[in-house]
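Here the structure comes first, spelled out in structure tokens, and everything after it is commentary.
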Amino acid sequence: MNLLITGIVIADPNSQFNQKKCDVRVEQGKITAIGNNLTASKNEQVFDGQGAVLSPGFFDLNCSIGDPGFETKEDINTATEAAKAGGFTGIAVLPNTKPVVQSKAEVEYIINRAKNNLVDVLPIGAVSQGLEGKELAELYDMKQAGAVAFSDGGKAIVDDGFMSRALQYTQGFNGLLMVYPENKSIAGKSQINESKTSVLLGMKGLPSLAEEMHISRDIFLATYHNAPVHISNISTAGSVALIKKAKKDGVKITCDVAAHHLVFTEELLNDFDSNYKVKPPLRGKSDVKALLTGLKDGTIDAIGSQHRPHEIEFKDVEFEIASYGIIALQTVLPLLIKAGLDATQIAEKLSINPRKLLGLAVPVIEEGAEANFTVYNPTLQWEYNVASNYSKSANSPLLNKKLTGKVQLVFNNKQLQSYG
């Protein structure tokens with residue numbers, strides 16, 4: 001596939017062409033020329049990039065799929081189709097499947113199922129057997145088989161001693177623990193953020209304290225063992241402050257935030273729409289402001305989708321019994337644009353840093369580099385509806401709404417996908 005993209009703005013802090021308007025030529029899967037006034041050759045597909053941005057391909061750190069075992073929610077094919085449409089050329093998939101991804105057999109299954117895809121699908125192995133937080137899973141074997149990190153998904157590691165042993169063990173082979181922060185004894189059976197809204201709606205609130213206490217514990221353990229810890233899906237101003245101080249003190253801690261926590265706030269729950277029920281819950285406006293500040297000052301390393309597909313019977317029910325989570329792969333970009341992030345910030349937090357955290361090769365928009373990029377128009381509007389939704393599930397509050405920021409091309413593994 002030979003491709004010429006004309007008049008496009010490059011957003012890649014690692015490229016000498018960052019923020020420059022250029023033409024980009026791709027031949028046989030490689031970027032062969034970047035310049036101005038490049039002339040189209042025979043049998044070359046031409047894309048007019050006026051008004052569009054070319055970024056290294058997006059990478060998602062936090063994606064749930066149902067394969068294996070819960071394919072009625074999402075399988076690898078539908079997940080990668082949704083990922084492509086959202087601009088992602090790589091996704092790291094969580095282990096909360098059936099069976100749980102806790103040995104090299106499950107890791108190899110995912111890698112083999114996802115072969116020859118435009119989207120790189122990289123498995124995250126479980127920290128504990130059965131995600132129960134009691135016995136270590138086969139961490140080293142999974143690492144050797146291709147697992148890029150270890151997580152118990154949306155389950156917090158409750159036992160302090162178990163977390164300590166996991167950190168010690170993974171140090172021997174440079175394994176990375178990605179942990180969900182929630183003190184279960186404080187969180188209890190909470191539904192939404194603890195605030196005036198939770199009192200008004202008559203639902204048990206989840207205090208920020210539950211997240212922040214758990215992060216404090218992991219900071220102490222990371223300090224004690226001098227080991228890296230990645231905190232997934234932070235959501236409070238207090239969490240940002242804790243992590244900022246820990247980084248200043250030299251603690252090996254990193255973190256990410258879900259795109260919807262940068263835009264949505266708890267006031268959206270007043271109508272009891274279960275599609276806004278996520279975990280951690282939507283927080284207040286001051287938390288959103290702190291998260292955005294943390295992104296811009298480098299406290300928050302990356303942005304994830306927190307893609308959580310569910311069948312209709314798990315969401316189209318009373319709020320109290322509805323499952324947590326939304327499908328999100330196709331809506332990350334519009335949310336980041338709505339949150340006010342510019343193209344360079346999006347490239348850093350959605351393309352470069354996620355790969356750095358996992359020790360993966362980072363695509364660069366330079367001559368001679370393998371082509372791995374996303375082209376999007378930050379001002380183009382489109383409707384997210386049944387026809388344009390590539391996920392197998394439909395649990396999104398943004399369905400049937402007009403969004404701003406449309407992915408137009410993705411290129412990776414010598415494969416091109418375009419969207420009209």
Side-chain angles (χ1 to χ4, degrees), residues 3 5 8-15 18 24 26 31 47 49 51-63 65 74 78-93 114 117-122 256-260 262-263 302-307 326-339 341-355 360 362-365 370-384 388-391 396 398 403-420:
L3 173 69
I5 302 172
I8 198 160
V9 175
I10 293 173
D12 179 5
N14 294 327
S15 171
N18 186 39
V24 179
V26 179
I31 299 173
F47 175 81
V53 173
L54 188 148
S55 162
F58 301 160
F59 188 95
D60 187 24
L61 279 174
N62 200 292
C63 181
I65 60 174
E74 195 88 278
T78 56
T80 52
E81 288 300 315
K84 283 188 287 188
F88 292 94
T89 61
I91 55 175
V93 296
N117 203 302
L118 183 151
V119 179
D120 300 317
V121 180
L122 304 177
D256 66 64
V257 63
H260 48 262
L262 300 173
V263 176
I303 299 166
S305 74
Q306 206 187 20
H307 181 73
I326 61 176
I327 55 170
L329 285 167
Q330 289 181 244
T331 56
V332 170
L333 177 66
L335 287 177
L336 299 189
I337 290 170
K338 188 172 183 178
L341 272 67
D342 62 34
T344 300
Q345 291 168 335
I346 291 172
E348 180 185 1
K349 304 296 183 180
L350 203 57
S351 302
I352 297 168
N353 286 0
R355 289 181 171 92
L360 304 174
V362 177
V364 182
I365 310 304
E370 292 290 331
N372 181 344
F373 58 74
T374 298
V375 171
Y376 64 91
N377 189 312
T379 61
L380 198 62
Q381 288 193 329
W382 60 289
E383 185 172 319
Y384 186 40
S388 59
N389 175 31
Y390 289 90
S391 173
S396 171
L398 295 175
L403 305 177
T404 300
K406 181 175 175 55
V407 172
Q408 297 179 301
L409 293 176
V410 283
F411 197 110
N412 187 33
N413 296 329
K414 299 182 179 180
Q415 298 176 56
L416 169 69
Q417 180 70 51
S418 61
Y419 298 93

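Keep in mind that what you see is a predicted model, and the values were worked out from it rather than measured.
Contact annotation: the side chain of Asn413 approaches that of Asp120 to within less than 4.5 Å [non-hydrogen atoms, C-beta and beyond]. Inter-residue side-chain proximity for Val26 and Leu416 is flagged as unmet; no heavy-atom pair is nearer than 4.5 Å. Looking at Gln330 and Leu403, their side chains never come closer than 4.5 Å, going by heavy atoms from C-beta outward. Here the side chains of Ser55 and Ile346 are not in contact, with every heavy-atom distance at 4.5 Å or above. Considering only heavy atoms from C-beta on, Ser418 comes within 4.5 Å of Leu409 through its side chain. Within the 4.5 Å cutoff, side-chain heavy atoms of Leu350 are placed close to those of Phe88. Within the 4.5 Å cutoff, side-chain heavy atoms of Arg355 are placed close to those of Asn372. By the 4.5 Å heavy-atom criterion applied to side chains, Leu329 and Ser391 are not counted as neighbours.
The two atoms that bring Ile91 and Ala83 nearest to each other are CG2-CB, 4.0 Å, heavy atoms only. The minimum heavy-atom distance between Thr344 and Ala11, with the atom names listed, is N-CB, 4.3 Å.
Within the model, atoms CZ of Phe58 and OH of Tyr376 stand 5.5 Å from one another, a figure rounded to the nearest 0.5 Å. Atoms CD1 and OG1, on Ile327 and Thr78 in that order, are 10.0 Å from each other to the nearest 0.5 Å. With rounding to the nearest 0.5 Å, the separation of CD1 in Ile5 from CZ in Phe411 is 9.0 Å.
No option in Leu335, Leu336, Asp60, Asp256 other than Leu336 meets the side-chain contact (heavy atoms from CB on, under 4.5 Å) test with Ile303.
Taking the side chain to side chain contact (heavy atoms under 4.5 Å, CB included) definition, one finds that Leu122 meets it with Phe59, Val148, Leu360, sequence neighbours left out. A search for side chain to side chain contact (heavy atoms under 4.5 Å, CB included) contacts involving Glu348 returns Asn353, not counting sequence neighbours.
A donor-acceptor pair under 3.5 Å is absent between the side-chain atoms of Thr374 and the main chain of Thr89, judged by distance alone. When atom types are taken as modelled, the side chain of Asn62 and the backbone of Gly304 share no donor-acceptor pair closer than 3.5 angstrom. The closest donor-acceptor contact from the side chain of Asp12 to the backbone of Ile365 lies under 3.5 Å. With hydrogens and angles ignored, the 3.5 Å screen pairs no side-chain donor or acceptor of Trp382 with any backbone N or O of Thr404.
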Is there a side-chain contact (heavy atoms from CB on, under 4.5 Å) between Leu118 and Thr80 once you walk through the steps?
CA-CA 8 Å; Leu118 183 151; Thr80 52; over 6 Å; no
